[in-house]
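Notes follow once the structure below has been shown.
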Protein chains: 2
Amino acid sequence: MDMTFSKDRSAGYLANHMARLFFAGLSRRIRPLGLAPAQFMVLLELWEEDGLSQADLVARLDVEQATMANTLARMARDGLIDRQPSPTDRRARLICLTARARALRPQAIAAAQAQNSEALAGLSTAEQAQFLALMKTVIATMQKRRDASPGPGGAAE
Amino acid sequence: MDMTFSKDRSAGYLANHMARLFFAGLSRRIRPLGLAPAQFMVLLELWEEDGLSQADLVARLDVEQATMANTLARMARDGLIDRQPSPTDRRARLICLTARARALRPQAIAAAQAQNSEALAGLSTAEQAQFLALMKTVIATMQKRRDASPGPGGAAE
DNA sequence: AAGGATTGCATAGTGTGCTATGCAAAAGAT
DNA sequence: ATCTTTTGCATAGCACACTATGCAATCCTT
């Protein structure tokens, strides 16, 4: 087998590098709206369905609960969401969009679409479709492995 | 045009999600060696050529100088590198591997290769090659745009 | 040689992700 | 009904990325 290991042939390195460039590009485009990338992802879900719980958002975006708690705290600080007590569960708080957040939808989505098409501009339409399909497969593969590894002592109890 | 915007069809979202899964997988595999992913990337360069300057590493890994400074501080703290005064430039310090860091090479590279092949296990050999090629193209496209945007006032002075 | 511009690095502050921990409320078991 | 487990969320602490800033050393121009 090949003894060399070049970062330029490593899927993990390329994935990290590409994700950083996407992050920077989106960040630059939505900063004028007062948004950050992680906030935009939350807004995408809330624009679809307002009044979700934190746990709902965690499940939809596949981040850890603590990550979501911090992102939501910044969004509340920035006037993007209100948190109302859940009528059915006194532990939970429903995440509700402010008028300002609702108004940002068209510009924010346009910014994200612009970033995506700019990034993929070097690919043909067919290549773009295959690129997305390949990423989805790789994600699904890694998720399967992760969810099958319950950590130390997982199968021993 | 399509009014909907689904994160599952967004290259940027998929890139971020995939990169997080790669990060977590590599992290899990090299943690037993006392390494973190960003440290591993620096080691990859130093295993190729020891005694680089911080600026050299910044150029090779395409991260900001401040990011590299912090990563190197953690690596020095963890006994992976020594920083020796440069004989030719009193501002610079040459980054030199410790014996411990040198010894980690085979296991760390094996861990990274294992993570990459596990992640790509759902793709054929041809698909894997195309996947890497597509990522490289997308990266190059975004880098070109970034480097062509010198920021506010760039062309006006 | 002197002065201004550039280079090499460190530090502060922030965003986004993670693990680990703790607590209160809800749900389930007996 | 009480006790245990699970669930929903917050917080602390860390890694790693960024921008902005500052300082000292070097380089370049004159």
Side-chain angles (χ1 to χ4, degrees), chain A residues 13 16-28 30-31 34-42 52-59 61-78 80 83-95 146 151-152 157, chain B residues 12-13 15-28 30-31 34-42 52-59 61-78 80 83-95 146 151-152 157:
Chain A
Y13 177 80
N16 172 271
H17 195 180
M18 183 171 68
R20 284 191 288 122
L21 289 165
F22 268 111
F23 182 94
L26 180 61
S27 186
R28 180 174 51 80
I30 63 181
R31 187 169 17 241
L35 290 182
Q39 299 179 347
F40 172 66
M41 294 307 161
V42 172
L52 295 172
S53 71
Q54 185 184 113
D56 291 331
L57 289 167
V58 163
L61 293 176
D62 197 21
V63 298
E64 292 302 315
Q65 173 267 322
T67 298
M68 184 56 67
N70 286 327
T71 297
L72 292 175
R74 284 190 293 271
M75 293 178 74
R77 178 202 64 191
D78 297 347
L80 293 166
R83 282 185 277 196
Q84 323 228 342
S86 161
T88 64
D89 187 332
R90 279 189 300 159
R91 296 168 300 181
R93 297 197 286 167
L94 303 186
I95 315 297
R146 177 193 63 184
E157 332 192 329
Chain B
Y13 176 80
N16 171 271
H17 196 179
M18 183 172 67
R20 283 192 287 124
L21 289 165
F22 267 112
F23 183 94
L26 180 61
S27 186
R28 180 174 51 80
I30 64 180
R31 189 172 14 241
L35 291 181
Q39 299 180 347
F40 173 66
M41 294 308 161
V42 172
L52 295 172
S53 71
Q54 186 183 113
D56 291 331
L57 289 167
V58 163
L61 293 175
D62 197 22
V63 297
E64 292 302 315
Q65 173 266 322
T67 298
M68 185 57 66
N70 285 327
T71 297
L72 292 176
R74 284 188 293 269
M75 293 178 75
R77 177 202 64 189
D78 297 347
L80 293 166
R83 283 186 277 197
Q84 323 226 342
S86 161
T88 65
D89 188 333
R90 279 189 301 158
R91 296 168 301 182
R93 297 196 287 166
L94 303 187
I95 315 297
R146 177 193 62 183
E157 317 192 344

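Note: hydrogens, waters and symmetry copies are ignored here, and every other heavy atom, side chains too, is used.
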From the set [options], return the single nucleotide nearest to any side-chain atom of [X].
X: B:Ala36; options: D:dC16, D:dC18, C:dC18; value: D:dC16
X: B:Ala69; options: C:dA26, C:dG17, C:dA10; value: C:dA10
X: A:Ala66; options: D:dC16, C:dG17, D:dT11; value: D:dT11
X: A:Asp89; options: C:dC9, D:dG8, C:dG17; value: D:dG8
X: B:Asn70; options: C:dT11, C:dT16, D:dG8; value: C:dT11
X: A:Glu64; options: D:dT26, C:dC18, D:dA17; value: C:dC18

Phosphate contact ([N] OP1 or OP2) by [X] side-chain N/O below 4.0 Å:
X: B:Ser53; N: C:dG8; result: no
X: B:Arg93; N: C:dA10; result: yes
X: A:Arg90; N: C:dA24; result: no
X: A:Arg74; N: C:dT14; result: no
X: A:Arg83; N: D:dC9; result: no

For [X] and [Y], which heavy atoms make the closest approach, and how far apart are they?
X: B:Gly12; Y: A:Phe22; result: CA-CD2, 3.5 Å
X: A:Val42; Y: A:Thr71; result: CG2-CG2, 4.0 Å
X: A:Phe40; Y: A:Leu26; result: CD2-CD2, 4.0 Å
X: B:Arg28; Y: B:Arg31; result: CA-NH2, 3.6 Å

Toward the 5' end of DNA chain D, by each residue's nearest nucleotide, A:Phe23 or A:Ala92: A:Ala92
Start at the 5' end of DNA chain D and walk down; is the nucleotide closest to B:Thr71 or to B:Gln65 reached first? B:Thr71
Check for a donor-acceptor pair, side chain of A:Asp56 on one end and backbone N or O of A:Ser53 on the other, with a separation under 3.5 Å. yes
Side chain to side chain contact (heavy atoms under 4.5 Å, CB included), paired with B:Arg93, selected from B:Gln84, B:Gln54, B:Arg83: B:Arg83
Please list each protein N or O that sits under 3.5 Å from an N or O in nucleotides 1-6 of chain C, with the distance.
none

Please figure out whether A:Thr88 or A:Pro37 has its closest DNA chain C nucleotide nearer the 5' end. A:Pro37
Have a look at A:Arg77 and say if it touches a base, only the backbone sugar-phosphate, or nothing, with a 4.0 Å heavy-atom cut-off. sugar-phosphate
Does either side chain, that of B:Arg20 or that of B:Asn16, offer a donor lying less than 3.5 Å from an acceptor on the other one? yes
B:Gln39 CD to D:dC14 C1', in whole Å, measures 12 Å
